[in-house]
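Worksheet for the structure shown next.
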Amino acid sequence: MAEAVVDNSNGDAPEIPRNVTIYINNINEKIKIDELKKSLRAVFSQFGEILDVLAFKTLKHKGQAWVVFKDVDSASAALGKMQDFPFYDKPMRIQYAKTKSDIVAKADGTFVPREKRKRHEEKGKKRKDQHDANQAGAGLNPAYGAYGGMPHLSQIPYPGGAKLPEAPAPPNNILFVQNLPHETTPMMLQMLFLQYSGFKEVRMVETKPGIAFVEYTDEMQSTVAMQALQGFKITPQYPMLITYAKK
DNA sequence: AGCACA
């Protein structure tokens with residue numbers, strides 16, 4: 001019985017090998033690229049460090065995006081947990097990307113620039129032989145590791161001037177969220193906080209950018225969400241500060 | 001539906 005070496009019992013979709021990059025489609029095409037990338041980052045960074053998020057507005061690439069994780073396990077978790085996640089009212093469809101992302105290849109030293117682009121040629125030596133595709137050196141690119149694990153709350157710089165209360169507020173089913181980038185929308189926050197059970201609503205005040213209130217059914221649930229999302233970065237510079245709202 | 005690297 002040497003037959004069952006490869007499990008192809010899965011009738012339809014041929015398996016795509018695991019990849020640190022996930023490919024997402026069925027994305028609501030009305031969302032602007034910039035907001036889309038931020039929201040994807042917001043929704044996926046819970047699974048691990050993200051190296052890059054790519055999306056394009058051309059016809060051929062609308063409704064699709066790539067999220068590049070540092071670790072393949074993060075990509076797998078993201079794929080498993082977020083499959084069909086309602087994102088801007090459409091269930092996201094997630095697969096592993098078919099090819100290696102450039103940012104990964106560059107870190108690898110395996111990156112070889114592709115031909116098809118009509119940029120201006122370098123008027124220099126065209127004497128490259130193909131052996132030096134590997135020479136690039138696998139040094140860490142500091143741009144990749146910009147945001148690591150979560151620091152302790154009191155060490156986080158809050159550019160928006162958010163403050164921890166003097167005396168911690170008593171538990172409340174309503175959370176007070178500070179230090180949000182000003183572009184944050186209620187929809188973005190809803191996508192984040194909806195993942196935790198008991199979610200009721202997000203409230204933002206137009207005249208007070210950078211803060212939000214998020215309500216849960218009870219304080220157990222709000223506490224879980226607070227702990228899960230404490231320090232969460234919608235953009236790299238803005239770790240959110242979550243406290244219980246004052247009663 | 002569509003797998004890129006502005």
Side-chain angles (χ1 to χ4, degrees), chain A residues 8 10-45 47-124 128 130 132-147 181 183 233-237:
Chain A
N8 266 342
N10 186 354
D12 24 34
E15 293 290 316
I16 299 169
R18 274 156 54 94
N19 191 312
V20 292
T21 303
I22 54 173
Y23 168 76
I24 304 155
N25 66 2
N26 199 42
I27 296 171
N28 188 329
E29 296 179 12
K30 282 174 290 204
I31 311 307
K32 280 171 293 295
I33 294 296
D34 213 55
E35 180 188 341
L36 173 63
K37 289 188 183 182
K38 283 178 186 158
S39 296
L40 287 169
R41 198 176 272 277
V43 158
F44 281 110
S45 60
F47 300 104
E49 186 174 344
I50 292 173
L51 301 185
D52 206 3
V53 176
L54 301 121
F56 311 89
K57 51 167 162 272
T58 53
L59 299 304
K60 185 160 180 247
H61 304 296
K62 287 205 300 192
Q64 301 156 77
W66 290 259
V67 175
V68 188
F69 288 94
K70 178 137 149 294
D71 306 303
V72 69
D73 287 340
S74 305
S76 295
L79 192 153
K81 295 269 192 9
M82 301 301 281
Q83 192 64 266
D84 300 319
F85 179 81
F87 186 68
Y88 295 108
D89 300 319
K90 298 188 66 177
M92 46 168 80
R93 299 279 134 79
I94 313 175
Q95 299 167 263
Y96 292 112
K98 286 178 181 158
T99 58
K100 186 189 282 186
S101 297
D102 282 1
I103 190 174
V104 174
K106 282 172 181 165
D108 257 350
T110 59
F111 178 70
V112 35
R114 59 184 62 71
E115 289 292 319
K116 58 162 157 193
R117 199 73 180 149
K118 260 259 163 106
R119 310 233 70 148
H120 5 260
E121 291 273 327
E122 283 236 83
K123 304 284 176 159
K128 309 215 71 137
Q130 54 257 59
D132 58 357
N134 272 4
Q135 124 277 49
L140 282 183
N141 183 329
Y144 300 171
Y147 6 109
E183 323 85 73
K233 293 167 181 167
I234 289 180
T235 62
Q237 297 80 5

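Source: prediction; values computed, not measured. Proteins get letters first, then strands, A, B, ... in listed order; numbering begins at 1 in each.
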What nucleotide among B/dG2, B/dA4, B/dC5 has an atom nearest to a side-chain atom of A/Arg114?
B/dC5

Closest to side chain of A/Ala97, choosing from B/dC5, B/dC3, B/dG2
B/dC3

Testing the 3.5 Å rule here: is there a donor-acceptor pair between the side chains of A/Tyr88 and A/Glu29?
no

Judged by modelled atom types alone, do A/Asn26 and A/Lys90 share a side-chain donor-acceptor pair under 3.5 Å?
yes

Would you indicate what A/Lys100 reaches in the nucleic acid, counting non-hydrogen atoms under 4.0 angstrom: base, sugar-phosphate, or nothing?
base

Hey, does A/Asp52 reach any base, or is it just sugar-phosphate, or nothing, if we go heavy atoms under 4.0 Å?
nothing

Without decimals, in angstroms, what is the distance between [X] [atom1] and [N] [atom2]?
X: A/Lys32; N: B/dA6; atom1: NZ; atom2: P; result: 23 Å
X: A/Lys62; N: B/dA6; atom1: NZ; atom2: P; result: 21 Å
X: A/Ile33; N: B/dA6; atom1: CD1; atom2: P; result: 14 Å
X: A/Gln95; N: B/dA1; atom1: CD; atom2: P; result: 13 Å
X: A/Leu59; N: B/dC3; atom1: CG; atom2: C1'; result: 16 Å
X: A/Leu51; N: B/dC5; atom1: CG; atom2: C1'; result: 13 Å
X: A/Ile94; N: B/dA1; atom1: CD1; atom2: C1'; result: 18 Å
X: A/Phe69; N: B/dC5; atom1: CZ; atom2: P; result: 21 Å

Would A/Trp66 count as stacked on B/dA4 if the rule is ring centres under 5.5 Å and plane angle under 30°?
yes

Looking at A/Lys60, I'd like to know whether one of its side-chain N or O atoms comes within less than 4.0 Å of OP1 or OP2 on B/dC3.
no

So that I can tick it off, tell me whether A/Lys38 and A/Asp34 are bridged by a salt bridge, with the cut-off set at under 4.0 angstrom between side-chain N and carboxylate O.
yes

List in chain and number order the residues that pass ring-ring contact (aromatic ring centres under 6.0 Å, His included) with A/Tyr23, two or more places apart in sequence or in another chain; answer none if no residue qualifies.
A/Trp66

For B/dA4, does the base pair up with any side-chain atom of A/Thr21 as donor and acceptor (N or O, under 3.5 Å, distance only)?
no

Return yes if the base of B/dA1 and the side-chain atoms of A/Glu29 contain a donor-acceptor N/O pair under 3.5 Å, otherwise no.
yes

Could you pick out which residue, A/Ala55 or A/Ile27, lies toward the 5' side of DNA chain B when each is mapped onto its nearest nucleotide?
A/Ile27

Reported CD1-to-OG1 distance for the pair A/Ile33 and A/Thr58, which is rounded to 0.5 angstrom:
8.0 Å

